[in-house]
Amino acid sequence: MNLKEIQEVLNLKLVTKSTNLDRDVRGGYVSDLLSWVMAHAKENEVWITIQSHQNIVAVASLLNLAAIIVAENVNIEENTLKKAEEENIPIYSSEKSIFELCGILYNLLSRESK
């Protein structure tokens with residue numbers, strides 16, 4: 001499943017511009033502790049968090065994550081969006097809780113892998 005399809009199903013708002021939305025997603029990861037994400041998230045996963053500072057882009061870029069979803073209507077800093085666009089990391093915003101996003105994403109991706 002690619003990012004465009006996930007965006008549609010989860011009703012996500014894309015808040016970055018000029019990013020690759022055709023990228024395939026292999027899984028998801030959830031954590032707000034950056035060092036934990038760096039140790040455990042995997043390439044081509046979507047990261048769900050409530051963090052919104054510029055360091056999330058650095059972590060996503062380092063791990064080659066497919067995208068970042070900022071949950072629960074958290075306001076995303078402008079410098080974070082600019083850095084994400086420079087690094088070609090899509091950032092989405094969602095009103096949904098982390099719990100809800102995880103459940104939907106898990107069901108989507110596990111159905112596809114069968």
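Looking only at distances, a side-chain donor or acceptor of S110 sits under 3.5 Å from a matching main-chain atom of Y106. Between the R23 side chain and the L65 main chain, a donor and an acceptor come within less than 3.5 Å of each other. A distance-only check finds a donor-acceptor pair linking the side chain of N88 to the backbone of N20 [under 3.5 Å]. Under a 3.5 Å cut-off, the side chain of N64 and the backbone N or O of E43 do not form any donor-acceptor pair. With hydrogens and angles disregarded, no donor-acceptor distance shorter than 3.5 Å links the side chain of E85 to the backbone of K82.
In this structure, the side chains of K83 and N79 stay at 4.5 Å or more apart for every pair of heavy atoms. Contact check for K96 versus I104: side-chain heavy atoms found under the 4.5 Å cut-off. Put simply, the side chain of I56 reaches to within 4.5 Å of the side chain of L34, judged on heavy atoms. Here the side chains of I68 and V59 are not in contact, with every heavy-atom distance at 4.5 Å or above. Residues V74 and T49 fail the side-chain proximity criterion, which asks for heavy atoms closer than 4.5 Å.
Between the CD1 atom in I69 and the CD1 atom in I6 there is a gap of 7.0 Å [rounded to 0.5 Å]. Taking CD of E77 as the start and CD of Q51 as the end, the distance is 9.5 Å to the nearest 0.5 Å. Distance check: S93 OG to L14 CG gives 10.0 Å after rounding to the nearest 0.5 Å. One finds the CD1 atom of I48 at 7.5 Å from the CD1 atom of I98 (value rounded to the nearest 0.5 Å). Put simply, CG on N107 and SG on C102 are 11.0 Å apart, with the number rounded to the nearest 0.5 Å. Here the straight-line distance linking atom CE of M1 with atom CG of L108 works out to 4.5 Å at 0.5 Å rounding.
Nearest heavy-atom pair across S52 and T80 is O-OG1, 2.7 Å. Contact record, G27 with L109: CA-CD1, 3.6 Å, taken as the closest heavy-atom pair. When all heavy atoms are compared, the tightest approach of D22 to N2 is O-CB, 3.5 Å. What you find for I91 and V70 is that their closest heavy atoms are CG2-CG2, 4.0 Å. Nearest approach of S97 to A71, heavy atoms of both residues: C-CB, 4.5 Å. Heavy-atom minimum distance, A67 versus L3: CB-CD2, 3.6 Å.
No continuous path of ILVMFWY side-chain contacts below 4.5 Å connects F99 to L10, so the two sit in separate hydrophobic clusters.
Within the structure, every pair that satisfies the ring-ring contact (aromatic ring centres under 6.0 Å, His included) test and touches residues 39-58, not counting sequence neighbours, is listed here: W36-H40.
No more than 12 heavy atoms of other residues, nucleotides or ligands sit less than 6.0 Å from atom CD of E95.
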